[in-house]
Amino acid sequence: MKQITLLALLLLSTASYSQQPKNAPLPIIDLTAQVNFGHRIVAKRNIDIIVVHSTYAINKDSFLIDAVLNQFKPYKVCPHYVIGREGEIYLTVAEKNIAYHAGVSTLPGTKRSNLNTNSIGIEIINSPSTPPTDAQYESLLYLIQDIQKRHKINHIVRHSDIAPDRKTDPWLFNWDVFMKMVEK
Ligand SMILES: [Zn+2]
């Protein structure tokens, strides 16, 4: 029964999950030196939004980080972080810089648009037919909690929340359960 996972425990029980990760599940892999697209260097910005996405490389090596980044490059888009299938966290754009990940978008219940300016984008590598792994859920939870230590985050949203006409990601993501963990 190796696969009694974090998520399964949450689904099976209302008992609190008391072992939230305090340390990075894996070291964060800094790729910022080699990612030279999809962002704008700015002197200063305020960050209060986290946007969660899904992505994969459509044509080949679908879940490999290099293939995913190569797919972003011609479109000049990039998130701040990518979470690989084993839960590895890649930093692709420094948080202090603007990354182009949200596109045309509006924060629900507000008139705020241009959400890239004040957000951090996180891409989970999965597809519309392959859900995120438990390691990815754990790493995302860790990463969001880590970001919250550095920035006063007021909104954690899905790409589909801010661009509902265009976007359906994150795919196969158990959002409500996950957000309960974030809010603990
Ligand atoms: Zn997206």
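As the structure lists them, so they are numbered: ligands from 1, and atoms in each ligand from 1. Quick caveat: nothing in here was measured; it's all calculated off a predicted structure. All residue numbers refer to positions in the sequence shown, counting from 1.
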Could you go through residues 26-34 and list every donor-acceptor pair under 3.5 Å that involves a side-chain atom there, pairing it with any protein atom two or more places apart or in another chain?
unit_1	atom_1	unit_2	atom_2	d
Asp30	OD1	Thr32	N	2.9
Asp30	OD1	Thr32	OG1	2.6

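- A continuous path of ILVMFWY side-chain contacts below 4.5 Å connects Ile122 to Ile89, so both sit in one hydrophobic cluster.
- Residue pairs meeting the ring-ring contact (aromatic ring centres under 6.0 Å, His included) criterion with at least one partner in residues 47-76, sequence neighbours excluded, are His53-His101, His53-His159, Tyr56-Trp171.
- Here the side chains of Ile120 and His151 are in contact, with some heavy-atom distance below 4.5 Å.
- Protein atoms that are N, O or S and lie under 2.8 Å from the Zn ion (ligand 1) are these: His53 ND1, His159 ND1, Asp169 OD2.
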**Prompt:** Going through the checks in order, is the ring-ring contact (aromatic ring centres under 6.0 Å, His included) test met by Phe173 and Phe178?
**Reply:** CA-CA 8 Å; Phe173 191 103; Phe178 180 75; 5.4 Å; yes
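- Leu115 belongs to a hydrophobic cluster with Ile49, Val51, Leu107, Val157, Ile162, counting contacts under 4.5 Å between side-chain heavy atoms of Ile, Leu, Val, Met, Phe, Trp and Tyr, direct or through other members.
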